[in-house]
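Reading through the structure tokens given below for one structure.
Computed from a prediction, not measured in an experiment: that's the story for all the values here.
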Amino acid sequence: MQHNIFTTMRSLKFPEGCKGTQVYAINPTGGEGGGGGCGGKVGEKFLQHLQDLRANSIRTKSSRNSHPPTNQTTRTNVPVESLLPAGFPTVDLMEPQIEPCLKSVDFVESLAAVYKKVEDSSQFEKSERILEQCAVFKGLCDPKLFRNSLRGARQHAVDVHSKVVLASWLRFERREDELIGLSAMDCCGRNLECPRACLVPGYDPESVNDPCVCSRGELEGGVLMGDGGECSTSDIEGVRYNVASLSRPFRAMLYGEFKESRRETINFSQNGISAEGMRAAMIFSRTKRLGSFELKIVLELLSLANRFCCEELKSACDAHLASLVCDMEEAMMLIEYGLEEGAYLLVAACLQVILRELPFSMHNPYVMKLFCGSEGRERLASVGHASFLLYYFLSQIAMEEEMKSNNTVMLLERLGECATEDWQKQLACHQLGVVMLERTEYKDAQKWFEEAVEAGHIYSSVGVARAKYNRGHKYSAYKMMNSLISDHTPVGWMYQERSIYCTGKEKLMDLNTATELDPTLSFPYKCRAVLLVQENKLEPAISELNKIVGFKVSPDCLELRAWISIVLEDYEGALRDVRALLTLDPNYMMFYGKKHGDQLVELLRPLVQQYSQPDCWMQLYDRWSSVDDIGSLAVVHQMLANDPRKSLLWFRQSLLLLRLNCQKAAMRSLRLARNYSTSDHEKLVYEGWILYDTGHREEALSKAEQSISIQRSFEAFFLKAYALADSSLDPESSKYVIQLLEEALRCPSDGLRKGQALNNLGSVYVDCEKFDLAADCYMSALEIKHTRAHQGLARVYHLKNQRKAAYDEMTKLIEKANNNASAYEKRSEYCDRDMAKSDLSTATQLDPLRTYPYRYRAAVLMDDHKEAEAIRELARVIAFKPDLQLLHLRAAFYDSMGDTSCTLRDCEAALCLDPNHTGTIELYKRARERGNEPEK
């Protein structure tokens, strides 16, 4: 009977009716195979459970029947243990990740506090205070906030070391190391990241966006380059006087009371300097220039300057040597000289090359010895180049590259040694705890988490509890989370963590409370889905995962949905999700690390209908038109598997990922699009998008213009128009953007992109109050199935006072779009209050991250004089998404209620996110004036 069950379940058959059947035998990988027994690690109980689940569940209808096949499909026998090497997902093996960043119990208070620190700091402290802001922003989901803050820290940096590290970090955020053909020392054209400008000390925040000094042949404030000239030896007294002027020791030697001082010729051969070196020193003493001396001579002069305290000579040698460092070979050769001789600028220049070569330079043994060891840190500190900032940067890269490595641990230990402020100690200890937990060194993890808690980081209590749990102290972990919930205003992650340590109804209650407090946490959805699987409720389990995948796409949720889809024999759905998750993370290991995603793709492919590349284009068109972003990602992934060097497909992939708010993956796709470009004009466009998406608008415009000068193309004109429209447009600017979009539409492109251009053109026409022209654009876009144009057309109808037509137009979008939360939100503007409330409730249910519904409901409550309820409505979303508009609105509510302290707090938190927000600045000013008024 055992053999019969295994034989029955071993073949997962493709539905009947497929043409051109051919049988393939795909054997299990590794040691998981085996005939007649339990199938390796997957035993009879699992197989019987799988059979029961299928028998008791309503099978999902695959979408494969809706598209007639153009290629032949295969009927394949696939061993079940190959598809599910880990069996079923289990709650016991699931743990939410502890975030390796500062995380506050009250983010609003944290934002307000760091804003005040930045505002109250002097110019010499401002960069360090902004670095703390960077650390706080790491705990938020918007990478733009972190990058903008990092840019602010660089803008206000005073010393060369900080400038070098921050500029290198900004470059790393764009991952230019992955762009083929670019050198690490290539300059972006602005002082902000210019390698040379970073070597110039001083505070000048207004100059960071100015053109840099690369076009000039000298360093500002550095050494003057030019001809060294000759030193006449006929004027012996003149030479003696010039050399004596180099330092007090030389003056004492040449004009002191020593008997040698009276000699006409003084022998320096015993002082470790060659005749050429001494001659160079004499030349420098007269000209104050190093000229074109050979490298070995300048190094001799540096040593001489140190020995005889010649500060001016040392400074000149330091700056000259720093200007010579351009690549890793030179950096590796000269950094030792710099460290030995205490040459600050030379070490800074070498350090800059190393940092701009990250992450590749981390594979250099010398570099890691210098950075990781305590001795190396002390050597760097001796020349002013060991800082919390440096090790913060290095440790973040190490954690991204290989979380569990010894190098990561050592860099974090150095980070802790450099920590002087509470927030720095909290961060270093917390991250060491996270790494030790990953390494399953639970005792050490608990120690570091406890130190972080002691330093004031309450979130590290989660790490302490988790370490205790993994050491077998489950009840202690439970009590700890109980205490945390009792002592603080509860937030979602507290209940999420406690759910790990309880069972049954209590577990489910904690999971539900966690979702209610913070619907962005993915673990509760995954946990509930697995619990449903254990109850043989597979389709409800899929529905549970759909709730979060609908607004927050992550590899782990897609993996679990694919896992359950395999059990349901919905192989097309499983393959879609696996392809999508591989787009987010190409190296993802599925099923508790047992199988690479690519392997599962190869196992699933024969079980689904195969499409040719032209068919895939049609599939992409259909999915794009129906706003099915995950389905579109899957199709593009399949197309790239067939044609991996197609830059156009990589670009399409990046657009989809940006739409799904997966910026890191989107930037990777953009870089690959650029690397696989076959023409210069196309490469410039993708470089422009990379710059634009990382906050460099002016540089992006320049790339677009360069591309157009080489060849007029749709994408170049579109990029230029898009970048220009990203600001408040005056009538002349609007007219120019219209011309650019019209030029783009005249260039060859496909319907997907032309639909977007028509949609954007319609939007500009609306802003110019040219409603008929806008309507024409939207209708043309709809003719080529650009579904989102319904929203623009609805806006036109609304502005023409045709509210019913606007409502109907948005209804069409809701019916067509798979992801339609934004459509419900927009439709609410075109109906009465009750219908609007219904639509906005649906929008919040589909996507709780959309802030307009909360703001609308809060405003309605305020109009009804229900102030407390209005505040609660906003507090509900601010707790998991501290958004600028939400904070500003709540500050205004508090202001109207006369609560000055809460008004000030929310204004400060909002200004931390955007210090230039005019409305909040004015509200903050009024509240401060009122707060300073004497009480009557």
Side-chain angles (χ1 to χ4, degrees), residues 143-144 147 150-151 154 164 166-190 192-196 198 212 214 326-329 331 352-364 393 396-397 400-401 583-587 640 643-655 657-658 662-711 713 715-716 719-720 723:
K144 290 181 181 178
R147 279 200 304 270
L150 200 63
R151 193 174 295 116
R154 166 62 187 93
V164 162
L166 289 164
S168 300
W169 200 338
L170 282 168
R171 182 182 185 276
F172 179 80
E173 284 295 304
R174 291 197 304 279
R175 293 308 303 260
E176 289 195 0
D177 56 284
E178 294 182 4
L179 296 182
I180 296 170
L182 285 189
S183 163
M185 299 303 285
D186 284 347
C187 178
C188 67
R190 306 276 177 182
L192 185 74
E193 295 181 38
C194 172
R196 285 191 165 190
C198 288
C212 61
C214 287
C326 295
D327 56 37
M328 276 294 289
E329 184 178 354
Q352 179 167 243
V353 172
I354 293 169
L355 296 180
R356 291 173 74 94
E357 287 280 2
L358 288 169
F360 302 120
S361 54
M362 278 193 161
H363 301 293
N364 184 305
F393 178 32
Q396 299 318 290
I397 296 175
E400 284 187 29
E401 291 292 303
T583 302
L584 299 175
D585 183 354
N587 299 313
L640 282 167
D643 192 357
R645 302 184 68 86
K646 189 77 170 177
S647 60
L648 175 66
L649 291 173
W650 287 111
F651 180 55
R652 289 290 194 279
Q653 189 179 79
S654 74
L655 296 174
L657 289 165
L658 283 174
C662 302
Q663 192 172 52
K664 184 177 179 180
M667 296 306 295
R668 174 185 172 274
S669 298
L670 259 181
R671 290 190 293 270
L672 288 168
R674 182 264 183 202
N675 286 345
Y676 288 131
S677 298
T678 56
S679 63
D680 289 339
H681 75 87
E682 185 184 19
K683 187 177 294 184
L684 285 164
V685 168
Y686 299 142
E687 288 176 0
W689 279 116
I690 291 170
L691 288 164
Y692 178 82
D693 288 331
T694 51
H696 298 269
R697 178 174 167 271
E698 296 299 323
E699 290 83 352
L701 281 169
S702 176
K703 293 286 185 182
E705 288 162 0
Q706 290 178 53
S707 179
I708 291 169
S709 69
I710 297 172
Q711 182 173 322
S713 69
E715 292 298 348
L719 168 61
K720 187 173 181 180

Problem - Lys703 side chain near Val685 side chain, heavy-atom distance below 4.5 Å - result: no

Handout entry: Straight-line distance of Leu358 CG to Gln396 CD, nearest 0.5 Å
Key = 12.5 Å

Problem - Set of side-chain hydrogen bond (donor to acceptor under 3.5 Å, both in side chains) partners for Gln352, sequence neighbours left out - result: none

Exercise for the section: Please confirm whether the backbone N or O of His681 pairs with a side-chain atom of Ser707, one donor and one acceptor, at under 3.5 Å? Expected result: yes

Practice task
Classify the angle between the aromatic ring planes of Phe393 and Trp169 as parallel (below 30°), tilted (30 to 60°) or perpendicular (above 60°).
Solution key: parallel

Problem - Residue list, side-chain hydrogen bond (donor to acceptor under 3.5 Å, both in side chains) with Ser677, at least two apart or on another chain - result: none

Problem - Qualifying residues under side-chain hydrogen bond (donor to acceptor under 3.5 Å, both in side chains), relative to Tyr692, sequence neighbours excluded - result: Asp726

Exercise for the section: Just jot down the side chain to side chain contact (heavy atoms under 4.5 Å, CB included) partners of Asn364, sequence neighbours excluded, or say none. Expected result: Met328, Met332, Tyr366, Val367

Exercise for the section: Would you check if Arg674 and Ile180 make a side-chain contact, meaning some heavy-atom pair closer than 4.5 Å? Expected result: yes

Handout entry: Gap between atom CG of Leu670 and atom CG of Leu691 - 0.5 Å precision
Key = 10.5 Å

Problem - Glu173 CD to Ser168 OG distance, which is reported to the nearest 0.5 Å - result: 12.0 Å

Exercise for the section: Test side chain to side chain donor-acceptor pair (under 3.5 Å) on Ser647 and Glu682 and set out the steps. Expected result: CA-CA 9 Å; Ser647 60; Glu682 185 184 19; 2.6 Å; yes

Handout entry: Least distance between heavy atoms, Ala716 atom then Ala704 atom
Key = O-CB, 3.8 Å

Exercise for the section: Answer yes or no: is there a donor N or O on one side and an acceptor on the other, between the side chain of Arg356 and the main chain of Ala184, under 3.5 Å? Expected result: yes

Problem - Sub-4.5 Å side-chain heavy-atom contact between Arg668 and Arg671 - result: yes

Fill in the blank from the handout: Taken in chain and number order and not counting sequence neighbours, the residues that satisfy side chain to side chain contact (heavy atoms under 4.5 Å, CB included) with Pro359 are Phe172, Arg175, Asp177, Ile397, Glu401

Practice task
Go through the steps to decide whether Tyr686 and Trp650 satisfy the test side-chain contact (heavy atoms from CB on, under 4.5 Å), and finish with yes or no.
Solution key: CA-CA 10 Å; Tyr686 299 142; Trp650 287 111; over 6 Å; no

Exercise for the section: Please report the C-alpha distance between Leu657 and Leu584 in whole Å, then the side-chain angles of each, then the deciding distance to 0.1 Å, and finally whether the side-chain contact (heavy atoms from CB on, under 4.5 Å) criterion is met. Expected result: CA-CA 8 Å; Leu657 289 165; Leu584 299 175; 3.5 Å; yes

Handout entry: Closest approach of Met667 to Thr694 (non-hydrogen atoms, all atoms of both residues)
Key = CE-CG2, 3.8 Å

Completion exercise
Of all heavy-atom pairs linking Leu640 and Lys646, the shortest is CD2-O, 4.0 Å

Practice task
Could you grab the distance from atom CG of Asn675 to atom CD of Glu178, nearest 0.5 Å is fine?
Solution key: 8.0 Å

Problem - Distance in Å, Glu687 CD paired with Gln706 CD, rounded so as to fall on 0.5 Å steps - result: 8.5 Å

Practice task
Run the numbers on Glu193 and Arg154 for side-chain contact (heavy atoms from CB on, under 4.5 Å), then give the verdict.
Solution key: CA-CA 9 Å; Glu193 295 181 38; Arg154 166 62 187 93; over 6 Å; no

Problem - Partner set under side-chain hydrogen bond (donor to acceptor under 3.5 Å, both in side chains) for Glu176, not counting sequence neighbours - result: Arg174

Fill in the blank from the handout: What one should report as the nearest heavy-atom pair of Ser669 and Gln653 is OG-OE1, 2.7 Å

Handout entry: Nearest heavy-atom neighbours spanning Leu719 and Gly688
Key = CD2-CA, 3.9 Å

Problem - side-chain contact (heavy atoms from CB on, under 4.5 Å) assessment of His696 paired with Leu192 - result: CA-CA 11 Å; His696 298 269; Leu192 185 74; 4.2 Å; yes

Problem - Carboxylate-amine/guanidinium proximity below 4.0 Å for Arg190 and Glu698 - result: no

Practice task
Report the distance from atom CG of Asp327 to atom CE of Met185, rounding to the nearest 0.5 Å.
Solution key: 9.0 Å

